[in-house]
Number of protein chains: 2
Amino acid sequence: MGTTQLETVPEPKYWHLKTVLTEALDSEFAVGEILPNERELAARFGVARATLRQALEQLELEGRLQRRRGVGTTVAPPRMGVAVGDAGHAWPGADTDAWQPVDSVEAPPPQAVARLLGTAAGEDVHTVRRTRRTHAQPVAAELLYVPAAGVPGLAGLDTLPGAARARAVLRELQRLELEGQDRAVELGSARADDAKQLDRLPGAPVLLVTTRYFAAGRTAAVSVATYRADTCRLTFGDTGMQLLAG
Amino acid sequence: MGTTQLETVPEPKYWHLKTVLTEALDSEFAVGEILPNERELAARFGVARATLRQALEQLELEGRLQRRRGVGTTVAPPRMGVAVGDAGHAWPGADTDAWQPVDSVEAPPPQAVARLLGTAAGEDVHTVRRTRRTHAQPVAAELLYVPAAGVPGLAGLDTLPGAARARAVLRELQRLELEGQDRAVELGSARADDAKQLDRLPGAPVLLVTTRYFAAGRTAAVSVATYRADTCRLTFGDTGMQLLAG
DNA sequence: CAGTGGTCTAGACCACGAT
DNA sequence: TCGTGGTCTAGACCACTGG
């Protein structure tokens, strides 16, 4: 009867919509171009706005679209490759890296971090906040936790302004000999403070990179970096690989 | 007047809901326990079901919940640490790794992969499908692309059954001397076929790990592995780190 | 101010798993 | 067959951005 897929399960509308939109993006739209608004698109495809939004959400998750309240939906450029292991076994704060210290406080870390550091619950550690920008866009927000015990010469910094304190902590860190590090990457959603720094709404999908730095036979620091999942592709590599560059 | 947060923006309901549920999960529920169903929960919190679902979605994204149609919503165990760079510069298919070959075909790869391999568009490459399980759960599905030019002795395999072909390709690969590799990690959504292997719905959030293998001065193979983002934490490391183990 | 995306509602029906 | 989560609708109002 010429039918090919009759008995098969009905594909959800939003899924089919996503496919159609993907093809349209590939062929008919240029990077940065503004799509018609959601109500218009929904009407055009004959679906409810919520259904259309489900498709747009996925496309944004995949880095194909960028939506901004009050502005509109634009076609996103290909994801940026962001080197995560770039200097290979280097302390954070090296001259080569793209991080910028914001401020620093002394406070007890989250429970999970304390466990990694091996510090007692409630024990204060130096907490440095940094942000990372690439191509003038914020790509990551980081909290770097450094137990006071691991870095001498960090007492009496309380009087320094935040950014200066942050730089001081990083400077002290780099005095130690780095013995090794390891990393983990997982999916998360942006906390309110990180979201603000990343120029996204709270709850936006992010890639959480947790790094442990080893020195003097112990965990000298732990970093939790929050990367925008929509715009970033994290690269690890022996060589300076540029996956999908262009 | 004793008010602390009066002028601030009203927090979205689903966000507040997520916070409340997170605390409840931490204190009142055990791993594997079944939550009340969505209609019940929505009623209990006095919100529409869609709003409740928005909160549940985020919690599932963060790996705190697991939802299965026809069954219910359960409290998820902590994410599994899955070693991604574990054997450090080893070909895929080494005895130590947890991958299991499924089948193999000879076909043109996606455009993006062809670009990485440096093959002409439309040119056939060996495509090996593998899956990875940890603790009896499927955690990843992989497509490994190997240009015929890079691995001699792979002609005339067409008659072999799929799994045998897959093993043959892997065996040939390991004959070459591996000169290096690099990786990229990004967020994606599961294609229909991967979703089936991962026991998830299409569109489920996944971590896409793209690996290039270098040998004989060229890219000898490219692997695109699709990890379940809800249950996996990808680990990279010098040491056999077990972030947040337990 | 007008127009955008973000949130929320109160329903309905469907696909799936267990019984 | 029943109960679950998954999809979908047709509205409403809100928060933000820009002119």
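Atoms considered below: every heavy atom in the structure, side chains included; atoms not considered: hydrogens, waters and symmetry mates. Letters A, B, ... mirror the listed sequences (proteins, then strands); counts begin at 1.
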Side chain to side chain donor-acceptor pair (under 3.5 Å) pairs touching residues 21-31 of chain B, sequence neighbours excluded, are B:D26-B:R64

*Taking only N and O in the side chain of A:R67, is any of them less than 4.0 Å away from OP1 or OP2 of C:dT4?*
no

Exercise for review: May I ask you to test the B:V84-B:V209 pair for a side-chain heavy-atom distance under 4.5 Å?
Suggested key: yes

Q.
Check A:E60 with A:R200, please: is the shortest side-chain N to carboxylate O separation under 4.0 Å?
A. yes

Separation of D:dA10 atom P from A:R53 atom CZ, nearest Å, is 17 Å

Sub-3.5 Å donor-acceptor pair from the side chain of B:T74 to the main-chain atoms of B:I34, do we have one? no

Whichever of A:G70 and B:T73 has the more 5' nearest nucleotide on DNA chain D, that residue is B:T73

When rounded to whole Å, the NZ to P distance for the pair A:K18 and D:dC8 reads 13 Å

Rounded to whole Å, CZ of B:R200 lies from C1' of D:dG5 at a distance of 11 Å

In whole angstroms, the gap separating C1' of C:dG5 from CG of A:L201 amounts to 9 Å

| query | With the threshold set at 4.0 Å, does a side-chain nitrogen-carboxylate oxygen contact exist between A:K196 and A:D193? | reply | no

A:Y14 OH to D:dG6 P, in whole Å, measures 9 Å

* Does B:R68 place a side-chain N or O at less than 4.0 Å from the phosphate oxygens OP1/OP2 of D:dT4? -> no

With a 4.0 Å limit, can you tell me whether A:N37 has a side-chain N or O closer than that to the phosphate oxygens OP1/OP2 of C:dG3? no

Taken to the nearest whole Å, CH2/B:W15 to C1'/D:dC14 is 18 Å

Between CG of B:L17 and C1' of C:dT9 the distance, given in whole Å, is 14 Å

> Is A:D103 salt-bridged to A:R129, going by a charged N under 4.0 Å from an acidic O?
Replying inline: no

Within residues 39-51 of chain B, the residues having a heavy atom closer than 4.0 Å to DNA chain D are B:R39, B:R49

Worksheet item: Looking across every strand, which nucleic acid part, if any, lies under 4.0 Å from A:L56 by heavy atom: base, sugar-phosphate, or nothing?
Response: nothing

From CD of A:E38 across to C1' of D:dC16 the rounded distance in Å is 14 Å

Salt-bridge test for A:R132 and A:E142: reply yes if a basic N is under 4.0 Å from a carboxylate O, no otherwise.
no

